[in-house]
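Letters go in sequence order (proteins before strands), and every chain restarts at 1.
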There are 2 protein chains.
Amino acid sequence: MASIKEVARAAGVSTATVSRVLANSPHVRPALRERVLKAIKELEYRPNLIARSLRAQQTTTIGLIVSDIRNPFFTAISRAVEDTAYEEGYSLILCNTDEDPKKESIYLNVMRDANVAGVILSPTGPTAAGLRELETGFAVVVIDRSIPDADVDMVLLDNVDSAYRLTRHLLENGYQRIAAICGERSTTGRERCAGYEQALRAYGLLPTAELVRFVPPQIEAGYAAALRLLDLPEPPEALLTTNSLLAAGALEAIRERGLRIPDEIALVTFDETTWASLVQPPITLIEQPTYEIGKTATELLLQRVAEPERPTRRVILKGRLLVRGSSAPRVRCG
Amino acid sequence: MASIKEVARAAGVSTATVSRVLANSPHVRPALRERVLKAIKELEYRPNLIARSLRAQQTTTIGLIVSDIRNPFFTAISRAVEDTAYEEGYSLILCNTDEDPKKESIYLNVMRDANVAGVILSPTGPTAAGLRELETGFAVVVIDRSIPDADVDMVLLDNVDSAYRLTRHLLENGYQRIAAICGERSTTGRERCAGYEQALRAYGLLPTAELVRFVPPQIEAGYAAALRLLDLPEPPEALLTTNSLLAAGALEAIRERGLRIPDEIALVTFDETTWASLVQPPITLIEQPTYEIGKTATELLLQRVAEPERPTRRVILKGRLLVRGSSAPRVRCG
DNA sequence: GTGAAAGCGCTAACAC
DNA sequence: GTGTTAGCGCTTTCAC
């Protein structure tokens with residue numbers, strides 16, 4: 001691993017000149033530039049990023065902090081972020097926090113210690129609150145969850161409207177008694193619940209506490225919540241879940257109770273996954289533009305790295321309603 | 001962001017002493033240690049990892065280079081790797097190469113420039129060949145794909161045997177004309193194909209070229225290959241695919257042709273996924289111990305970082321056959 | 001246009 | 001035990 005010193009010696013110039021050539025500075029005589037380039041090639045020189053980072057007080061690395069990369073939503077995001085970061089010469093550090101504020105805080109510190117240029121994260125409540133004031137020392141872009149009055153770049157889905165449309169779709173297809181299983185600990189679940197309730201009211205129905213559940217956004221919790229809903233004295237005609245993990249759990253519960261979809265129970269959710277279109281009937285859902293969310297978040301982040309004082313932006317993306325068999329028009333029986 | 005210098009000044013000691021306290025060196029008088037610790041606390045000092053890395057010529061970062069994090073197998077691996085790395089104080093850099101040797105080579109260079117302690121990767125053929133000789137400058141652990149005569153740590157599935165058992169299961173359930181759709185560009189697909197052919201021979205059947213396809217390990221390729229197989233003049237009674245993406249494609253194709261599983265066509269594959277158990281009938285498959293693979297790979301890597309000259313190991317993990325509805329005993333009709 | 005040299009924050013000889 | 005100092009590899013004044 002040749003250093004800049006050796007290149008300088010080989011080319012018969014100072015390290016400053018090599019550095020200038022590396023930086024494409026115009027103030028280098030062509031002849032010298034040639035010699036330096038030749039030396040670089042011969043020695044197979046590659047600049048040491050660590051040294052560069054120490055000098056610059058910043059790395060070409062960004063962090064992605066999510067609850068669990070195995071959530072298909074975050075998997076898709078991470079791919080988009082990595083692609084976009086790579087194009088701009090940045091590397092991606094991945095962190096899983098399991099929705100644990102402590103782990104979030106620890107990872108945020110790790111990011112600071114590592115001198116990352118910035119971080120993309122989808123924080124839980126406590127961390128979000130801290131973000132409102134915190135001087136992090138690096139650029140931050142929040143995804144998936146909104147922090148109401150924080151001066152931070154965000155890329156979000158239009159949660160209320162998406163949930164509204166999803167619920168309206170059910171209502172228009174004749175479903176009335178609709179239950180919602182929502183992810184807790186994030187604004188996302190609450191916003192989607194709000195859209196669900198708005199739609200009910202718009203159609204002259206009153207939301208029932210009995211039919212709304214807030215649970216950890218995981219398969220098991222979705223399964224348990226769905227079972228309880230299905231076992232109600234007066235069970236729901238349709239189930240709405242706010243992410244794919246809850247939906248997978250709900251589907252298991254429906255299968256366990258031997259109910260037919262959509263005749264006996266409809267199921268709709270958020271987030272496209274492999275299974276949602278493979279299952280029979282396929283699941284009606286709101287598809288988030290995951291790749292665009294990740295790409296946009298990365299772009300916002302790198303723009304802020306380049307220009308720290310620019311005004312913050314809040315990008316709201318629209319979800320796409322994919323109508324499929326799990327919410328087919330209801331056939332009244334009786 | 002206080003530096004070690006400021007801590008030293010605040011505590012009335014030299015930076016060396018602070019450094020010793022940080023390193024838990026026993027050669028510091030308790031009184032001094034106390035003063036230093038107090039200063040560290042008051043200044044909220046945190047060591048700059050970049051500076052430390054420059055000095056040590058190595059970071060506490062490891063790289064994970066996979067074809068696509070969206071492949072559920074790699075998603076699961078990444079979670080295990082990140083968990084394990086985090087426990088040991090290491091961060092994880094994620095890279096997607098799309099099975100492109102050029103991107104693999106670029107990322108390997110990025111890893112070198114970043115001075116990572118080591119890299120876990122699942123290389124394509126050309127990169128694997130290079131690995132055999134390459135002086136990478138960092139520790140390397142190969143997962144998922146074997147490099148026959150390379151002196152590199154590896155964590156692998158017992159591919160031949162797993163495919164053998166999977167195929168034998170089909171044979172014992174009465175399926176005879178079994179087609180295989182295998183991932184190309186990796187030893188994994190070839191080994192699993194070999195296991196498949198061995199099982200056929202063991203049961204007195206001859207492998208037919210017509211029934212074996214090597215395609216890119218993606219949904220679309222699986223779909224196309226399955227369609228062609230199903231449209232054969234004499235179509236197969238069962239389909240074996242070597243990963244979950246190919247299986248998802250094959251399932252689509254089966255659905256498109258309106259065939260019933262398993263009556264008209266059985267389907268078995270590798271890798272447990274959400275959809276494989278949610279689909280009806282659920283899919284029989286070989287489940288890889290993904291978490292253990294990722295954890296073991298990370299442990300091997302960090303052991304090698306600690307002791308570069310230790311003899312290389314090759315850990316072979318066994319897959320678990322999960323028998324489900326998609327390969328139920330065949331009912332002969334006619 | 002080019003080079004000498006300081007310094008980013010840290011650790012490890014080496015001296016005392 | 002503790003401090004002084006060199007140096008990891010790089011960039012960037014500041015002279016010339």
Could you check which of [options] has an atom nearest any side-chain atom of [X]?
{"X": "B:Arg52", "options": "D:dG3, D:dT11, C:dC10", "value": "C:dC10"}
{"X": "B:Thr15", "options": "D:dC8, C:dA5, D:dT5", "value": "D:dT5"}
{"X": "B:Leu22", "options": "D:dG9, D:dT11, C:dT11", "value": "C:dT11"}
{"X": "B:Thr17", "options": "C:dG3, C:dC10, D:dT2", "value": "D:dT2"}
{"X": "B:Ala51", "options": "D:dC10, C:dT11, C:dG9", "value": "C:dG9"}
{"X": "B:Arg20", "options": "C:dA13, D:dT11, C:dG9", "value": "C:dA13"}
{"X": "B:Ala16", "options": "D:dG9, C:dC10, D:dT4", "value": "D:dT4"}
{"X": "A:Val13", "options": "D:dT2, C:dG3, D:dT12", "value": "C:dG3"}

Round to the nearest Å and state the distance from [X] atom [atom1] to [N] atom [atom2].
{"X": "A:Asn48", "N": "C:dC8", "atom1": "CG", "atom2": "P", "result": "18 Å"}
{"X": "B:Asn24", "N": "C:dA12", "atom1": "CG", "atom2": "P", "result": "14 Å"}
{"X": "A:Leu54", "N": "C:dC10", "atom1": "CG", "atom2": "C1'", "result": "8 Å"}
{"X": "A:Arg35", "N": "C:dG3", "atom1": "CZ", "atom2": "P", "result": "8 Å"}
{"X": "A:Arg33", "N": "C:dG1", "atom1": "CZ", "atom2": "P", "result": "11 Å"}
{"X": "A:Ile4", "N": "C:dG7", "atom1": "CD1", "atom2": "C1'", "result": "15 Å"}
{"X": "B:Ile40", "N": "C:dG9", "atom1": "CD1", "atom2": "P", "result": "16 Å"}

Main-chain N/O of B:Ile69 paired with B:Asn96 side-chain donor or acceptor, under 3.5 Å
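Yes: the side chain of B:Asn96 pairs with the backbone of B:Ile69.
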Verify, without hydrogens or angle tests, whether A:Thr124 (side chain) and A:Arg185 (backbone) share a donor-acceptor contact under 3.5 angstrom.
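No; zero donor-acceptor contacts below 3.5 Å.
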5' priority, DNA chain D, between A:Ala23 and A:Met1 [closest heavy atom]
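That would be A:Met1.
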Starting at the 5' end of DNA chain D, which residue's closest nucleotide do you reach first, A:Pro47 or B:His27?
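Final value for this comparison: B:His27.
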Check every strand shown and say whether [X] touches a base, only sugar-phosphate, or nothing at a heavy-atom separation below 4.0 Å.
{"X": "A:Ser19", "value": "base"}
{"X": "B:Ile50", "value": "nothing"}
{"X": "B:Arg55", "value": "base"}

State the CG-CD1 distance between B:Asp144 and B:Ile77, to the nearest 0.5 angstrom.
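Reported to 0.5 Å precision, the distance equals 7.5 Å.
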Establish, yes or no, whether the cationic atom of B:Lys103 lies under 6.0 Å from the six-membered ring centre of A:Tyr86 and within 45° of the ring axis.
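Yes, B:Lys103 sits over the ring of A:Tyr86.
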Please determine whether a side-chain nitrogen or oxygen atom of A:Gln57 lies at a distance below 4.0 Å from atom OP1 or OP2 of C:dG9.
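For A:Gln57, the contact criterion (side-chain N or O under 4.0 Å from OP1 or OP2 of C:dG9) is met.
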Can you find a heavy atom in the side chain of B:Leu156 that is under 4.5 Å from one in the side chain of B:Val315?
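When only atoms from C-beta onward are counted, B:Val315 and B:Leu156 do not touch, as no gap falls below 4.5 Å.
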